[in-house]
Amino acid sequence: MIDDLDLEAYLSISSKKIGIYLLDKKKLKNLYFQEENIENNNVFSDLNILNEFLDKNIFKIEKLAGRFIKNIKLIIESEDILKLNIGLKKKNYEKIITKKFLENLLSELKDLINENYQDYRIIHMHMIKYLFDGSHHSQFKMDMKCKNLAIETQFISVPNHLILEIDKILENFHIKIKDYLNQNYIQSLFKEDKMELSEMAYKTQLGYNVNEVSIIPKKLKKIGFFEKFFQLFS
């Protein structure tokens with residue numbers, strides 16, 4: 001018998017393709033998957049296509065899992081997804097660069113994006129490069145002596161209206177979106193590997209990209225801005 005905690009459900013949506021997957025996280029194998037190519041329409045223009053697809057597949061997944069699917073992780077690709085590279089430079093008045101200093105810097109960048117793109121939701125935030133007094137590094141170095149730190153970060157955001165529209169369809173099946181992932185982004189991390197989309201998504205969320213930052217949802221804001229920096233500080 002497979003424990004509920006060993007299973008993860010994923011839904012992928014792009015303009016011309018929909019897929020659904022039930023992943024066994026221990027074996028990294030899909031117990032169920034179904035993909036459908038959409039030839040003569042755009043999924044985002046007619047979300048009834050998504051409703052019909054789910055109607056054909058959700059019951060099959062629930063029967064296989066032996067439980068109702070209450071949460072699902074959404075893998076999305078759309079021309080409306082916003083990708084922004086943004087940099088920030090800040091003077092350090094302490095002797096060394098600390099975790100707190102970088103955390104504050106990233107927080108400023110995130111607030112800047114939220115302030116200027118209020119109709120979008122950030123789904124990925126990852127570091128591209130660091131400049132310690134002009135010296136380039138691809139990963140953060142803890143407790144490094146540095147007077148000026150500059151960082152370049154990429155934000156990937158999805159339009160709020162798109163999230164709301166997809167949410168409404170999933171409500172018909174009493175399912176909520178647990179997390180959001182950008183399909184192009186996760187595929188770029190595994191372009192040299194042959195694996196299923198669901199496995200890519202799972203490994204991405206485990207911290208495959210050591211420079212990706214995971215952000216705590218607003219409702220958990222009191223315990224700190226970042227859930228973790230994955231391996232930034234290992």
Side-chain angles (χ1 to χ4, degrees), residues 73-77 80-160 163 178-193 195 199-234:
K73 296 190 175 183
L74 178 65
I75 305 168
I76 186 168
E77 185 53 51
D80 292 328
I81 284 177
L82 181 68
K83 297 181 182 179
L84 288 173
N85 286 21
I86 183 169
L88 186 63
K89 182 178 180 180
K90 197 163 188 178
K91 188 172 182 65
N92 177 37
Y93 293 98
E94 304 295 331
K95 291 183 179 180
I96 58 174
I97 296 290
T98 63
K99 172 183 175 181
K100 186 64 178 178
F101 183 86
L102 177 59
E103 185 174 318
N104 290 337
L105 202 58
L106 293 174
S107 181
E108 284 186 38
L109 283 175
K110 183 233 175 209
D111 289 343
L112 185 64
I113 295 296
N114 282 336
E115 181 181 345
N116 288 277
Y117 297 91
Q118 297 182 16
D119 294 331
Y120 288 81
R121 172 173 176 162
I122 299 169
I123 59 175
H124 294 288
M125 175 182 181
H126 66 99
M127 310 304 299
I128 297 175
K129 64 182 178 183
Y130 306 83
L131 288 171
F132 294 88
D133 289 335
S135 177
H136 175 271
H137 295 270
S138 59
Q139 293 188 28
F140 184 75
K141 294 185 178 296
M142 177 69 83
D143 297 334
M144 188 170 182
K145 292 182 179 179
C146 174
K147 294 181 179 179
N148 295 283
L149 174 63
I151 60 174
E152 183 180 352
T153 308
Q154 183 177 73
F155 290 85
I156 303 175
S157 304
V158 62
N160 289 328
I163 290 175
K178 187 177 180 181
D179 286 303
Y180 302 84
L181 301 103
N182 175 237
Q183 183 170 318
N184 275 353
Y185 169 67
I186 65 176
Q187 287 178 329
S188 72
L189 298 177
F190 300 94
K191 56 187 176 183
E192 304 299 329
D193 302 306
M195 63 178 69
E199 184 181 347
M200 293 182 196
Y202 178 64
K203 288 184 174 180
T204 297
Q205 293 198 296
L206 284 181
Y208 184 85
N209 181 1
V210 297
N211 282 323
E212 183 167 2
V213 179
S214 180
I215 305 172
I216 285 182
K218 290 182 179 179
K219 64 183 179 180
L220 300 178
K221 195 173 181 180
K222 290 183 180 179
I223 63 173
F225 178 73
F226 293 105
E227 181 178 9
K228 58 182 176 179
F229 279 88
F230 286 150
Q231 300 176 49
L232 285 180
F233 301 106
S234 62

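Lys147 NZ: 12 or fewer foreign heavy atoms inside a 6.0 Å radius. For Glu108, the CD atom counts as densely surrounded, since its 6.0 Å shell holds more than 12 non-hydrogen atoms of other residues, nucleotides or ligands.
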(message) Ile151 vs Phe140, test: side chain to side chain contact (heavy atoms under 4.5 Å, CB included). Steps then yes/no.
(response) CA-CA 10 Å; Ile151 60 174; Phe140 184 75; over 6 Å; no

(request) For the pair Asn184 and Lys83, evaluate side chain to side chain contact (heavy atoms under 4.5 Å, CB included) and give the outcome as yes or no after the intermediate values. (result) CA-CA 11 Å; Asn184 275 353; Lys83 297 181 182 179; 3.7 Å; yes

(message) Between Leu131 and Asp133, does the side chain to side chain contact (heavy atoms under 4.5 Å, CB included) criterion hold? Intermediate values first, please.
(response) CA-CA 6 Å; Leu131 288 171; Asp133 289 335; over 6 Å; no

(request) Take Tyr120 and Ile122 through the side chain to side chain contact (heavy atoms under 4.5 Å, CB included) test and state the conclusion after the steps. (result) CA-CA 7 Å; Tyr120 288 81; Ile122 299 169; over 6 Å; no

(request) Show your reasoning for whether salt bridge (Lys or Arg N to Asp or Glu O under 4.0 Å) applies to Glu199 and Lys203. (result) CA-CA 6 Å; Glu199 184 181 347; Lys203 288 184 174 180; 3.0 Å; yes

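Of the candidates Met144, Lys129, Met127, His137 forms a side-chain contact (heavy atoms from CB on, under 4.5 Å) with just one, namely Met144. When each of Ile123, Leu82, Leu84 is tested with Ile156 by the rule side-chain contact (heavy atoms from CB on, under 4.5 Å), just one qualifies, namely Ile123.
The ring-ring contact (aromatic ring centres under 6.0 Å, His included) check on Tyr202 picks up nothing, with sequence neighbours excluded. For Lys91, the side-chain contact (heavy atoms from CB on, under 4.5 Å) partners are Tyr93, Asn148, not counting sequence neighbours. Every residue meeting the ring-ring contact (aromatic ring centres under 6.0 Å, His included) condition with Phe190, not counting sequence neighbours, appears here in chain and number order: Tyr208.
Side-chain contact of Tyr185 with Glu212: a donor-acceptor pair under 3.5 Å is present, judged by distance alone. With hydrogens and angles left out, the side-chain atoms of Gln139 and Asn211 include no donor and acceptor closer than 3.5 Å.
Between Asn85 and Gln154, the closest heavy-atom pair is OD1-NE2, 3.0 Å. Among all heavy-atom pairs drawn from Asn92 and Cys146, the shortest one is ND2-O, 2.9 Å. Considering every non-hydrogen atom in both Ala201 and Ile75, the closest pair reads CB-CD1, 3.7 Å. Here the closest heavy-atom approach between residue Lys145 and residue Ile96 is recorded as CG-CG2, 4.1 Å.
Remark: side-chain polar atoms of His136 are not paired, donor with acceptor, to backbone N or O of Tyr130 under 3.5 angstrom. One N or O on the side chain of Asn182 and one on the backbone of Ile76 form a donor-acceptor pair closer than 3.5 Å.
Ser107 OG to Leu112 CG: the interatomic distance, rounded to the nearest 0.5 Å, is 11.0 Å.
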